[in-house]
There are 2 protein chains.
Amino acid sequence: MSRKHQERSRRPRRRRASTPRRQAVIVRARPASLPWVRLVIATCQVDYVGRLTAHLPPAKRLILVKADGSVSIHNDDRAYKPLNWMSPPCTLVEEPATESEPARWTVTGKDGGQLVITIEEIFHDSTHDLGVDPGLQKDGVEAHLQELLAEHPSVLGEGWTLVRREYPTAIGPVDLLLRDANGAAVAVEVKRRGEIDGVEQLTRYLELLNRDPLLAPVRGVFAAQEIKPQARVLANDRGIECVTLDYDALRGIPRDEMTLF
Amino acid sequence: MSRKHQERSRRPRRRRASTPRRQAVIVRARPASLPWVRLVIATCQVDYVGRLTAHLPPAKRLILVKADGSVSIHNDDRAYKPLNWMSPPCTLVEEPATESEPARWTVTGKDGGQLVITIEEIFHDSTHDLGVDPGLQKDGVEAHLQELLAEHPSVLGEGWTLVRREYPTAIGPVDLLLRDANGAAVAVEVKRRGEIDGVEQLTRYLELLNRDPLLAPVRGVFAAQEIKPQARVLANDRGIECVTLDYDALRGIPRDEMTLF
DNA sequence: CTCTGAATCTCGTGT
DNA sequence: ACACGAGGTTCAGAG
């Protein structure tokens with residue numbers, strides 16, 4: 001079912017004076033019509049020049065070429081991040097080995113960055129059609145937490161009610177704007193993991209909201225599934241309340257009564 | 001040179017009442033002694049339950065299994081990030097297909113998260129030894145910028161001199177502490193790309209440093225190869241100077257004279 | 001070990 | 001196209 005790698009095009013390459021040259025093979029210039037991956041196991045050296053400079057000494061590795069033009073070089077460890085890569089869109093030019101030089105692949109990115117792969121020995125090379133992917137469905141990210149809190153504002157405080165989600169300000173929307181039992185405004189920043197920059201964000205919003213005489217004084221609540229100690233310290237220092245959330249529990253409880261009427 | 005996949009161990013699995021059961025094969029429980037990768041092209045469905053919940057409908061994809069125990073599922077696009085994955089350390093249990101059920105791989109992570117891969121058809125399956133990787137050498141990241149600025153403080157201001165790199169404070173080290181031509185202290189935050197959180201970081205340092213009567217008043221400089229407009233606005237608003245850096249130019253100029261004497 | 005911050009981050013979304 | 005924020009971020013280094 002897997003098919004052998006097919007060369008897409010072939011063109012002569014300008015001969016440099018007094019240098020034995022090889023023919024170059026452009027493997028991909030634009031996304032192909034059909035999804036495919038090419039798998040190569042080879043002893044290779046890699047040199048990247050682009051946003052930074054990086055060098056990989058020769059070793060046996062996996063080279064993964066995708067239909068979108070991306071190339072990545074993996075060894076056996078790291079979760080999924082390659083040792084080296086080139087993001088699409090990019091062009092791969094293959095130069096076969098000659099008597100004097102090893103094979104060389106040059107991957108050129110849109111921004112001019114280059115990944116040069118010098119291939120000493122190939123152990124495996126196969127290309128596989130994949131078909132279109134239906135895509136990933138996710139559940140349980142920050143947006144869901146925000147939704148759930150909007151449905152259950154009383155989780156944050158007895159008698160609190162929702163004014164609106166994504167309450168707009170000049171510097172961006174506040175995740176939730178509530179009213180507490182006394183009618184005072186409460187700005188809520190929702191995070192999956194609460195860190196310092198989230199507290200900073202909420203601080204900026206509070207500063208702005210408190211300039212609005214119709215809202216001031218505005219309380220701040222930092223709500224997250226997990227709050228880092230430094231973030232908690234900073235929040236407390238600024239009079240911001242911290243609430244840790246239980247996603248499963250939130251999902252389980254019935255919608256606040258008041259939204260039913 | 002590539003060898004066929006070798007099963008590492010085999011154990012009987014407890015039979016559930018009135019359910020036809022299959023034998024399970026534990027592929028990896030711990031890092032193997034030799035680096036290798038396993039490449040599988042298969043029609044598969046993937047369900048992840050862990051820090052979030054995710055589902056991939058059946059389609060033909062690449063499954064990449066590494067020696068460190070990680071498993072990742074790729075389709076033909078995205079730079080290098082898999083559609084779904086499990087980070088090491090984790091355990092892969094293979095259950096072969098039976099008459100009534102398709103093959104199923106269950107990957108269990110350290111935190112209890114699970115990735116369940118239901119395999120309908122396998123088109124390719126090979127395992128390859130890789131050998132130990134010598135590792136990646138990088139050049140041109142933030143640390144280098146900081147080094148270069150430490151060597152060339154006059155790039156930031158005429159007559160400025162270095163007090164020290166990584167100047168310690170209660171909330172962490174300031175990238176650079178300098179003295180300007182008048183002997184006033186200057187705190188410098190160095191970034192490759194300057195964004196709002198970098199300005200916030202520097203602001204916190206300045207607040208702290210300015211409490212020190214030996215240093216106050218301390219000027220702030222935000223130095224980066226690229227500064228986002230919003231970050232620049234915020235910095236200006238707080239009296240922090242912005243400097244954009246040219247890495248190549250910095251690398252080219254000779255070390256500041258004063259460090260030569 | 002945990003925690004912190006950088007990253008060739010990647011990837012989505014909104015303007 | 002660019003800017004901004006989230007991420008199952010990943011990754012490396014320091015305490």
Side-chain angles (χ1 to χ4, degrees), chain A residues 46 48-54 70-73 77-88 90 107 109-115 135-136 138-146 166 168 171-173 175 189-198 200-201 224-226 228-231 247, chain B residues 46 48-54 70 72 77-88 90 107 109-115 135-136 138-146 166 168 171-173 175 189-198 200-201 224-233:
Chain A
V46 186
Y48 168 76
V49 177
R51 286 185 266 201
L52 57 65
T53 299
S70 63
V71 178
S72 51
I73 292 125
D77 63 356
R78 291 161 169 250
Y80 59 75
K81 202 177 183 190
L83 288 165
N84 227 323
W85 72 93
M86 183 65 80
S87 299
C90 55
V107 190
K110 179 170 64 171
D111 61 350
Q114 275 198 331
L115 191 69
L136 184 66
K138 285 187 182 184
D139 173 50
V141 287
E142 182 191 310
H144 294 262
L145 279 176
Q146 194 195 110
E166 301 289 345
I171 54 170
D175 285 342
E189 179 67 34
V190 183
K191 292 277 182 228
R192 206 176 58 75
R193 286 164 52 189
E195 302 181 17
I196 279 186
D197 57 347
E200 299 284 14
Q201 203 176 331
Q225 281 183 284
E226 180 197 351
K228 292 290 173 70
Q230 291 207 0
Y247 181 69
Chain B
V46 187
Y48 168 75
V49 178
R51 285 185 265 201
L52 57 64
T53 299
S70 62
S72 51
D77 64 356
R78 290 158 171 255
Y80 60 75
K81 202 179 182 188
L83 289 165
N84 228 323
W85 72 94
M86 184 64 81
S87 301
C90 56
V107 191
K110 178 169 65 171
D111 61 351
Q114 275 199 331
L115 191 69
L136 184 66
K138 286 186 182 184
D139 174 50
V141 287
E142 182 190 310
H144 295 262
L145 279 176
Q146 194 195 110
E166 301 289 345
I171 55 171
D175 285 343
E189 179 66 34
V190 182
K191 292 275 182 229
R192 207 176 58 75
R193 286 165 54 189
E195 300 181 19
I196 279 186
D197 58 346
E200 298 287 13
Q201 203 177 331
Q225 282 184 282
E226 180 197 351
I227 298 182
K228 294 289 171 74
Q230 291 209 0
R232 194 181 291 273
V233 169

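Quick note: numbers below take in every heavy atom, side chains included, and nothing from hydrogens, waters or symmetry partners. None of these values were measured; they are calculated from a predicted model. Residue numbers start from 1 in every chain, and the chains themselves are labelled A, B, ... in the order their sequence lines are given, proteins ahead of strands.
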Looking only at side-chain atoms of A/Glu142, point me to the closest of C/dC11, D/dA6, C/dT8.
D/dA6
Nearest to side-chain heavy atoms of A/Gln230, which nucleotide of C/dT4, C/dT8, C/dC11
C/dT4
Please state how far atom CG in B/Leu136 lies from atom C1' in D/dG13, giving the value in whole angstrom units.
16 Å
Would you indicate, yes or no, if D/dA6 has its OP1 or OP2 atom less than 4.0 angstrom from a side-chain nitrogen or oxygen of A/Lys191?
yes
Return the value, rounded to whole Å, for the distance between atom NE2 of B/His144 and atom P of D/dG13.
11 Å
So, does A/Arg78 get its side chain near the phosphate of D/dA12, meaning an N or O under 4.0 Å from OP1 or OP2?
yes
Quick check: on DNA chain D, is the nucleotide nearest A/Pro82 upstream (toward 5') of the one nearest A/Asp197, or the reverse? Name the residue that is more 5'.
A/Asp197
Assess the side chains of A/Glu195 and A/Gln230: does a donor N or O sit below 3.5 Å from an acceptor N or O?
no
Let me spell it out: for each of B/Pro229 and A/Val190, pick the nucleotide of DNA chain D with the closest heavy atom. Which residue's pick is nearer the 5' end?
B/Pro229
Closest to the B/Arg51 side chain: D/dT10, C/dT10, C/dG12?
D/dT10
Atom CH2 of A/Trp85 and atom P of C/dC11 are separated, to the nearest Å, by 11 Å
Starting at CG of A/Leu145 and ending at P of D/dG7, how long is that distance when rounded to a whole Å?
9 Å
Determine the Euclidean distance between corresponding C1' atoms of C/dT8 and D/dA14; express it in Å to zero decimal places.
24 Å
Tell me which nucleotide among C/dT8, C/dA6, D/dT10 gets nearest to the side chain of A/Tyr80.
D/dT10
Got a donor-acceptor contact below 3.5 angstrom from the A/Asp175 side chain to the A/Val190 backbone?
yes
Reckon B/Ser87 touches a base, only the sugar-phosphate, or nothing at all at heavy-atom distances under 4.0 Å?
base
For residues A/Lys191 and A/Gln225, is any side-chain donor paired with an opposing acceptor at under 3.5 Å?
no
Report which part of the nucleic acid A/Met86 touches: base, sugar-phosphate, or nothing (heavy-atom distance under 4.0 Å, all strands).
nothing
Which nucleotide in D/dA6, C/dT4, C/dT8 has an atom nearest any side-chain atom of A/Gln201
D/dA6
Between A/Tyr247 and A/Leu145, does the side chain to side chain contact (heavy atoms under 4.5 Å, CB included) criterion hold? Intermediate values first, please.
CA-CA 7 Å; A/Tyr247 181 69; A/Leu145 279 176; 3.6 Å; yes
B/Lys81 side-chain proximity, nearest of D/dT10, C/dC11, D/dA6:
C/dC11
